[in-house]
Structure formats: C-alpha cells, structure tokens
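For reference, the structure discussed in these notes is given below.
Bear in mind that the values here come from a model prediction, so they are computed numbers and not experimental data.
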Amino acid sequence: MRIAAVLADRCQPKKCNKECERFCPLNRTGAECVVFGERGKPVISETLCQGCGICVNKCQFKAIKIIGLADELKEEIVHRYGENAFRLYRLPVPKKGLVTGILGPNGIGKSTAIRMLSGAEIPNLGNYENPPTKEEVLKHFAGTEIHDYLQNVYEGKIKTAIKPQYVDKLPQSVKGVVRDLLSKVEERMTMDEAAKLFDLEEVMDRELDKLSGGELQRLAMAATVMKDADVYYFDESTSYLDIYQRVKMARIIKDLSVDKQVVVIEHDLAILDFLADNVHLVYGSEGAYGVFTLARQVRTAINAYLDGYLPEENIRFRDRPIEFEASPPREDWQTADIISFDKLSKDFGEFRMDITGGSVKIGESVGIVGPNATGKTTFVKILAGAIEADSGTLDGKVKVSYKPQYISADFDGTVQDLLLMKNYETITSGFFTGEVIEPLGIKFLMDKKVSRLSGGELQRVAITMCLSNEAEMYLFDEPSAYLDSNQRMVAAKTIRRMMEKTGRSAMIVDHDVYFLDMVSDSLMVFGGEPGHHGIGDGPYDMREGMNRFLSAVDITFRRDADTHRPRINKPDSRLDREQKSNGEYYYS
C-alpha cells in the first residue's frame, strides 16, 4: 500500500515552478498523477503513483511524502482528514485499574486519538467525503474491545474528563480567578481539598492570566481530577512542572487508576516509566500518518522506543538506537575555569536568592536542577547580564549566548529571515548545518512564519539561534519544554556535541532527568523555600549532584539492564531502601 501526503504548511506553490507536476513521469505520458487542485496545492493520485520519489526529491520545500506501508494496515484505518492529508491507523484501548500510556512524536495523531476515544470526534474510517454514522463505526469495530468501549461512550454510559495539552491557552478560554474555575467542578473532592492536594492554596484568588505555566498546569490537573468521570485523559501532564511536582502528579494519577480508566500522553520518559502500566507506541511520519501499536508492558515499550525497532511489525523508525551511559562522566576536569562565582545574592523583597559559590570550566556542560521558584532563572539571568547581583563576586568576563525560559514569537517574517538576519555566516556554514540545522529539523521550518510556529517548533528555533551566536558560554533555560521525547534527546545530544566540538561551556536549566543525563558533565543543585528563599550549590560532579538532588526529592533510580536508561524505583521497594542506605540515588 502506498500513501501520498502533501504537507500544506510547507507547500508554497507561489514560490516554486511546480516541479512535482512537471517532473512526474506519469504526467509526461499524459496521465494525471499530480495535478493542482482548487486550493492551489498539488493533489497526488495514490492509485496512479508508482513511488518513484521524483516529486519528493524535486520539491524544494520538502512538502511531499510518498510512503510505502504494509497492505494489512489498509483495513485498520481509523481516520483520514482529506486527500493527501494525515491518516490514523488503529486506536488504543483504556483498561480499568491500569494507567495506559501513549508514547510517540508530536504531529502523529496522539491527541486525535484522545478526541475520538472521548467521543468529541467520530472516526471516519478513511471515508472523509461521506463520513460514517456512529452505528456504522460500531459495526466496523464489531467483535473488538474498542467496539464495546465506543458503544458505551456513544450511549452516554461512560463519562470522560480530559486534561488539555496546551494549558497556557487556558486564560484565553476561561476568565476569572482560580476559585471560580474550581467551584464549577466540585464532584469527587471539594475545592479546598483540591487546592491543598495540588498546592494551589496561595493562588486561589489570583486571576488566571496572572498564573505561571506551572500553576496553570496544576490548576488544569486539579480541575480534571475533581470531576467524577469513568475515563480520565491526561495530555502532557508534566509540562512546566519541576521534578518534585512531576513525581507528585504521577502518584496522583496512579492513585486515580485504582478504580478508574486512565490514559496518559507523556514525553518525560522517566515519569512515564514510573506511572504507566502498559504503553501504546505510535510510529509514523509527522503530518502524513500515525500507527498505534498494541499495548505492551511499560519497560518493554520504552526500550523498543529507544531502540527504534518493532520486531513484531518489522518496522524501524529510528536510524540508530538512543543510548545512555551506565556510569557518571569523569570527575576531574583538567581545564581552566572560564567563570567563577562566590556568595552571589539577589533580593527582590518577597524572594531572595543566594549562591554559595562555584566555577565552570572550559568545555564543561553544567546542568542546573531544583524546584521551581528557587532562583535558577534568576541565576542564569545574572550570568547573562540581564540583571545584576546585589552582592558577591563574579569573576571572568565571558561572552554569553542566552536562550530564555519564555520565548517570544514576535517577529514579522520567516524562520529563515530571522536566522540569517542574526548570524548569516554561521547559519550557512556546512559545520553548523550538519551539527544543528539537520538534527533539529530546522530546514523544514525555514519558510514558516515565526508567528505561526508551534511551541515545539519555536523551541527548536530558539535553541538554534542560541547555538549560532559566537560565544564562550551558552545558557539554556528549559530547552526541553514543548519538545516531544525524541526531540528532547536529539536536542540534548546536539547541545552536548556542539560544546564538545567547539570547546565551549554551557549551563542548562531543565527538569527532565533523561535530558540532563545526556547533556550534563556536572550538576548545580538549587533548594531552599520555593517562592521565598532559593539557595544554589555547586557545580558538583554528576554522582554527588544527583545524590544531593534526588535525596531531596526522595526518589531513587536504577539502571535498565538492556539500555542503561534511568528508571525510578518504586517507593520503599527493596532497591529503593538499599540505594538510600548506601547514599546512591542515581548511579547504583
């Protein structure tokens, strides 16, 4: 079976010579394999297409995908958005008493599947011109688990609750204060109980548009869990949260699954491993198609995802496996200090930050960890020169490149305009193209308007801009935000590789343990009283830094026997107790 997809957001017929139509061999014989439709975009006949790939290679905007799929999938199509548009194959099935995870890249149908399982959208089974009725959909799925589930949804026997993916859009759709929103969903628990459980007590009378990303995420989680539903869907439940809050949200979700059906989409692999029982992998091609695999045990699923190969379907979706180091990086850096700091402090009145003192060496990548609102961003801004410390010493004047936590899309032009305007020579060099542009997929975004980029696309552009600047130290504030699990690992390896090959230093604030494991040589650990007094210590070598950090979180990690990836131990398990008694929370 051959499918053809035209990515409408990439296709720009006004800027090309319609090479896809002109060079198609079948078109030259008089057939109409590629024609331009009413919307001015190419329409490719999947029946006539021979899969030669000429249109794919000739398209300068990489807007065409011709993909060969197994014939068996033809009968398993669930939804299709239009001719040469995205199509989805198979659906996951929620299980009572279990947390069902969904793992896959962005733009591949995960959120679409949730809409269909919740009844918000009816599958068209590939017939987008004459969509089937609910009765016809049920007849199609007769004899399967999904039939019984959808029948109960359509008959109103199952009530669903969905935690949306983009919590930052919540203030646009809901006005008022936190208390007003929670008062409307008091079903399973009271407003006061939810405020205490989700740490919202201090913001109950605050306007929604005044909340931070982490506060909006906890509010969305609270509003979802408070509803008395049969099935709960959590679409990216840890964005904006620190590791403490992520573990807490995971435990709340696990408790919820005891007598409910729970489905979770999560890109933090450590948290997904901790909270999910079974996981459906989703493979495919962004904007073209997505295929749900059968559920498998969480360890097996994540290992298969990292390996990039599904043996039962004989599908390889990653060029090479993603690997983790079983032991910490070397402790003794022989290079000189590029910058040092001692007893830095900054007082904002209600909040004070104190840095005990430390240094960063040439070529060293330092991860920065700790709870939200303890001064991590403030410290990075002092190093970047955006704000000045009230007291203390900062030795070493270095040129820095800074990627802030919150990224603005306020630029009237394309990604290419933005990048070339800033650093033309670097962006167009072969080295930078091979090390940054290609891995981060920036070449596919070049002709997109910056104002129309998604959160993940904007994040990748911001990382690229930061790396393109000529600097001695690179500062990244939460570079994994909005990225899917695959993009996070690619971004971590890209930053690490650039530091190693250019001999530059980096400091990276992030909450994803896998990301930090890949990118860091050492760790700086923040603690104190969030929102009131933050204390930063280090940098320490990775072993000591992780032990200090995780002992405060009260969780331990073990290493997977096959992939060496970190896995959270179950609280109070034998391994958990042993590692805590030995003081080894991460590298056991």
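Once rounded to the nearest 0.5 Å, the distance linking CD of Glu500 with CD of Glu435 reads 10.5 Å. One distance of note links OG1 of Thr556 with CD of Glu578; it measures 10.0 Å at 0.5 Å rounding. Taking CD1 from Ile271 and OG1 from Thr238, the interatomic distance works out to 6.5 Å, rounded to the nearest 0.5 Å. Between atom CE of residue Met249 and atom CZ of residue Arg218 there is a gap of 7.0 Å, rounded to the nearest 0.5 Å. Here the NZ atom belonging to Lys196 is positioned 15.5 Å from the CE atom belonging to Met191, to the nearest 0.5 angstrom. How far CD1 of Ile339 is from CE of Met507: 8.0 Å, rounded to the nearest 0.5 Å.
A side-chain donor from one of Asp560 and Thr563 sits under 3.5 Å from a side-chain acceptor of the other. Side chains of Ser520 and Ser365: no donor on one and acceptor on the other come within 3.5 Å. Side-chain contact check for Ser111 and Asp235: at least one donor-acceptor pair (N or O, by modelled atom type) lies under 3.5 Å. Counted by atom type alone, Arg504 and Tyr474 present zero donor-acceptor pairs between their side chains at under 3.5 Å. With hydrogens and angles left out, the side-chain atoms of Tyr240 and Tyr482 include a donor and acceptor closer than 3.5 Å. Between the side chains of Ser505 and Glu364, not a single donor N or O lies within less than 3.5 Å of an accepting N or O. For His511 and Asn372, the side-chain atoms include at least one donor-acceptor pair closer than 3.5 Å. Side-chain contact check for Ser480 and Asp512: no donor-acceptor pair (N or O, by modelled atom type) lies under 3.5 Å. Counted by atom type alone, Gln165 and Lys110 present zero donor-acceptor pairs between their side chains at under 3.5 Å. Side-chain atoms of Gln579 and Asn569 include a donor-acceptor pair closer than 3.5 Å. A donor-acceptor contact closer than 3.5 angstrom is absent between the side chains of Ser340 and Asp337.
When all heavy atoms are compared, the tightest approach of Leu475 to Val380 is CD1-O, 3.7 Å. Of all heavy-atom pairs between Leu200 and Ala222, the closest is CD1-CB, 3.9 Å. The minimum heavy-atom distance linking Asn106 with Glu286 is given by the pair O-CG, 3.9 Å.
In this structure a side-chain-to-backbone donor-acceptor pair under 3.5 Å is present from Arg318 to Tyr305. In terms of modelled atom types and a separation under 3.5 Å, the side chain of Glu544 and the main chain of Asp541 share no donor-acceptor contact. One N or O on the side chain of Lys403 and one on the backbone of Asp477 form a donor-acceptor pair closer than 3.5 Å. Under the 3.5 Å distance criterion, the side-chain polar atoms of Thr374 are left unmatched by any main-chain donor or acceptor of Gly370. Side-chain atoms of Thr100 do not come within 3.5 Å of backbone N or O of Ala276 as any donor-acceptor pair. One N or O on the side chain of Tyr514 and one on the backbone of Pro566 form a donor-acceptor pair closer than 3.5 Å. With hydrogens and angles ignored, the 3.5 Å screen pairs no side-chain donor or acceptor of Arg206 with any backbone N or O of Val177. In terms of modelled atom types and a separation under 3.5 Å, the side chain of Asn423 and the main chain of Thr426 share no donor-acceptor contact. Using modelled atom types, one side-chain atom of Lys346 and one backbone atom of Glu388 make a donor-acceptor pair closer than 3.5 Å. Of the possible donor and acceptor atoms, none in the side chain of Asp273 sits under 3.5 Å from a partner among the backbone N and O of Leu269.
Both the sub-6.0 Å distance and the 45° axial angle are not jointly satisfied by Lys248 relative to the ring of Tyr244. Taking the ring axis of Phe274 as reference, the NZ or CZ atom of Arg251 does not stay both within 45° of it and closer than 6.0 Å to the ring centre.
Side-chain contact check for Glu207 versus Pro171: every heavy-atom pair is 4.5 Å or farther apart. Glu236 places none of its side-chain heavy atoms less than 4.5 Å from the side chain of Gln217. The shortest distance between side-chain heavy atoms of Lys493 and Pro439 does not fall below 4.5 Å.
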- Task: Begin with the C-alpha distance, continue with both residues' side-chain angles, and end with the deciding distance and a verdict on salt bridge (charged side-chain N to carboxylate O under 4.0 Å, His left out) for Arg488 and Asp510.
- Result: CA-CA 11 Å; Arg488 290 181 185 194; Asp510 213 274; 6.0 Å; no
- Message: If you apply the rule salt bridge (charged side-chain N to carboxylate O under 4.0 Å, His left out), what do you find for Lys570 with Asp572, and how did you get there?
- Response: CA-CA 6 Å; Lys570 296 197 182 310; Asp572 207 34; over 6 Å; no
- Could you go step by step and tell me if Arg496 and Asp521 meet the salt bridge (charged side-chain N to carboxylate O under 4.0 Å, His left out) rule? CA-CA 9 Å; Arg496 180 66 179 262; Asp521 297 307; 2.7 Å; yes
- Task: Tell me, with the steps shown, if Arg548 and Asp537 meet salt bridge (charged side-chain N to carboxylate O under 4.0 Å, His left out).
- Result: CA-CA 10 Å; Arg548 284 175 175 265; Asp537 296 311; 5.1 Å; no
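Scanning for ring pair (Phe, Tyr, Trp, His ring centres under 6.0 Å) contacts around Phe341 gives Phe379, with sequence neighbours left out. For Lys381, there are no side chain to side chain donor-acceptor pair (under 3.5 Å) partners, not counting sequence neighbours.
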